[in-house]
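Heads up, the thing below is written out as structure tokens.
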Amino acid sequence: MIALLVCATLSAEGHFGILAGVNNSTLSLSDFKTGGQYSFAGGVTYNLPLGYGFAFQPELLYTVKGTKWTEEGTDNNYRVSYLELPLQVQWGLDLIVFKPYLFMEPFVGLALAGRYNDQSFAVSSFNMDMKEMRSRFEYGVGAGAGLLIGNRIQIAAKYYWNLEDFNYKYEGAWTLDGKKTPAHRGFNILVGFLF
């Protein structure tokens with residue numbers, strides 16, 4: 001079965017591509033007012049047309065998620081970088097030069113590194129110890145819309161939801177350990193070029 005899928009993939013006229021754009025993520029902490037954190041997202045992809053307007057597009061992305069919040073007049077934020085694998089299923093109308101499409105995707109990811117910043121008078125900043133995360137693995141779903149121009153330029157926007165709570169333990173002023181912390185959610189906009 002796997003051999004048939006590989007053969008079908010290799011015989012189809014797919015396109016490799018590169019992606020780059022912006023990501024905005026946040027999570028809600030019950031004790032604080034949080035806001036979105038903008039960061040870079042980018043990687044590689046392979047777009048495989050399946051017929052009848054459908055396409056399959058796996059991606060390998062480097063993306064950064066985090067949030068910012070104010071605590072007693074102090075601005076805080078953290079960012080965690082992930083290597084993610086979204087498996088996108090697209091459906092759209094082929095208008096020869098343009099193809100608008102909708103898509104849904106499950107994704108999995110692995111936390112690579114993180115950084116915390118405290119913007120108080122005694123500014124502190126440190127690299128987060130990934131061993132203190134309850135789990136470095138993440139998973140979730142995303143949905144969005146895109147536009148393929150001339151079968152080469154791709155512009156897509158999506159909203160995503162992580163399905164696992166984020167939990168990081170730090171012995172000090174900032175502690176998420178032991179609290180019910182929601183999962184990351186947010187949106188990104190990616191521009192791609194297919195070869």
Side-chain angles (χ1 to χ4, degrees), residues 2 5-26 36-67 77-115 127-128 130 136-164 166 183-195:
I2 294 174
L5 182 60
V6 170
C7 290
T9 300
L10 293 175
S11 64
E13 293 187 17
H15 299 282
F16 287 98
I18 55 173
L19 303 166
V22 64
N23 185 61
N24 179 285
S25 69
T26 189
Q37 189 80 1
Y38 283 95
S39 56
F40 169 80
V44 295
T45 188
Y46 183 76
N47 183 276
L48 177 65
L50 300 175
Y52 302 102
F54 286 95
F56 176 61
Q57 182 168 310
E59 300 172 347
L60 186 61
L61 299 176
Y62 172 83
T63 187
V64 181
K65 298 179 181 180
T67 196
N77 68 69
Y78 78 87
R79 298 170 188 258
V80 177
S81 58
Y82 290 91
L83 187 63
E84 287 187 347
L85 178 66
L87 300 174
Q88 196 173 105
V89 177
Q90 305 172 351
W91 180 83
L93 299 172
D94 191 353
L95 304 176
I96 303 175
V97 178
F98 300 99
K99 181 183 178 182
Y101 62 91
L102 301 174
F103 64 87
M104 292 196 67
E105 63 181 33
F107 65 84
V108 294
L110 175 68
L112 302 175
R115 188 150 185 87
N127 292 328
M128 297 165 69
M130 294 294 97
R136 291 180 61 187
F137 292 97
E138 61 156 4
Y139 58 93
V141 294
L147 181 66
L148 182 61
I149 304 169
N151 288 327
R152 289 291 182 256
I153 299 172
Q154 188 179 64
I155 303 168
K158 74 176 174 187
Y159 193 86
Y160 61 84
W161 303 263
N162 280 53
L163 299 177
E164 182 179 23
F166 178 78
H184 287 112
R185 66 187 187 283
F187 67 89
N188 68 27
I189 299 172
L190 295 174
V191 177
F193 183 78
L194 304 178
F195 299 100

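Side-chain atoms are counted along with the backbone in the values below, which use heavy atoms only and exclude waters and symmetry mates.
Between L61 and G43, the shortest heavy-atom distance links the atoms CD2-N, 3.9 Å. Residues L87 and P58 come closest through the heavy atom pair CD2-CB, 3.8 Å. L148 and R152 get closest at one heavy-atom pair: CD1-N, 4.1 Å. Considering every non-hydrogen atom in both A111 and V80, the closest pair reads CB-CG1, 3.9 Å. When all heavy atoms of G36 and N24 are compared, the pair lying nearest together is CA-OD1, 3.8 Å. K99 and A55 get closest at one heavy-atom pair: NZ-CB, 4.5 Å.
In this structure, I155 CD1 and L19 CG are separated by 12.0 Å, a value rounded to the nearest 0.5 Å. Put simply, OG1 on T26 and CZ on F187 are 11.0 Å apart, with the number rounded to the nearest 0.5 Å. To the nearest 0.5 angstrom, N151 atom CG is 8.0 Å from L194 atom CG. Between atom NZ of residue K65 and atom CG of residue N162 there is a gap of 3.5 Å, rounded to the nearest 0.5 Å. Atoms CZ and CG, from R136 and L110 in turn, are 5.0 Å apart once rounded to the nearest 0.5 Å.
In this structure the side chain of N188 reaches within 4.5 angstrom of the side chain of L190, judged on heavy atoms. Using a 4.5 Å heavy-atom cutoff, the side chains of N23 and Y38 are not in contact. At a threshold of 4.5 Å between non-hydrogen side-chain atoms, the residues I149 and F98 count as touching. Taking the side chain as every heavy atom from C-beta outward, S81 and Y62 approach each other to under 4.5 Å. Within the 4.5 Å cutoff, no side-chain heavy atoms of T45 are placed close to those of Q88. Put simply, the side chain of E84 does not reach to within 4.5 Å of the side chain of Y160, judged on heavy atoms. Inter-residue side-chain proximity for R185 and Y159 is flagged as met; some heavy-atom pair is nearer than 4.5 Å. Put simply, the side chain of Q154 does not reach to within 4.5 Å of the side chain of H15, judged on heavy atoms.
More than 12 heavy atoms of other shown residues, nucleotides or ligands fall within 6.0 angstrom of atom CZ in F195. A 6.0 Å sphere centred on CZ of F193 holds more than 12 heavy atoms belonging to other residues, nucleotides or ligands. Within 6.0 Å of CG on L95 lie more than 12 heavy atoms contributed by other residues, nucleotides or ligands. Around CZ of F40, the count of heavy atoms belonging to other residues, nucleotides or ligands within 6.0 Å exceeds 12.
Judged purely by atom type and a 3.5 angstrom limit, S25 has no side-chain atom pairing as donor or acceptor with the backbone of H184. W161 places no side-chain N or O within donor-acceptor distance of the main-chain N or O of A183, the cut-off being under 3.5 Å. Without hydrogens or angle criteria, R115 side chain to R79 main chain gives no donor-acceptor distance under 3.5 Å.
Taking the centre and axis of the six-membered ring of F103, the NZ or CZ atom of K158 falls outside the cone set by 45° and 6.0 Å.
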Original post:
Would F107 and L85 satisfy side chain to side chain contact (heavy atoms under 4.5 Å, CB included), going step by step from the backbone distance to the final call?
Top reply: CA-CA 5 Å; F107 65 84; L85 178 66; over 6 Å; no

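With ring centers used as reference points, F54 lies 6.0 Å or more from F56.
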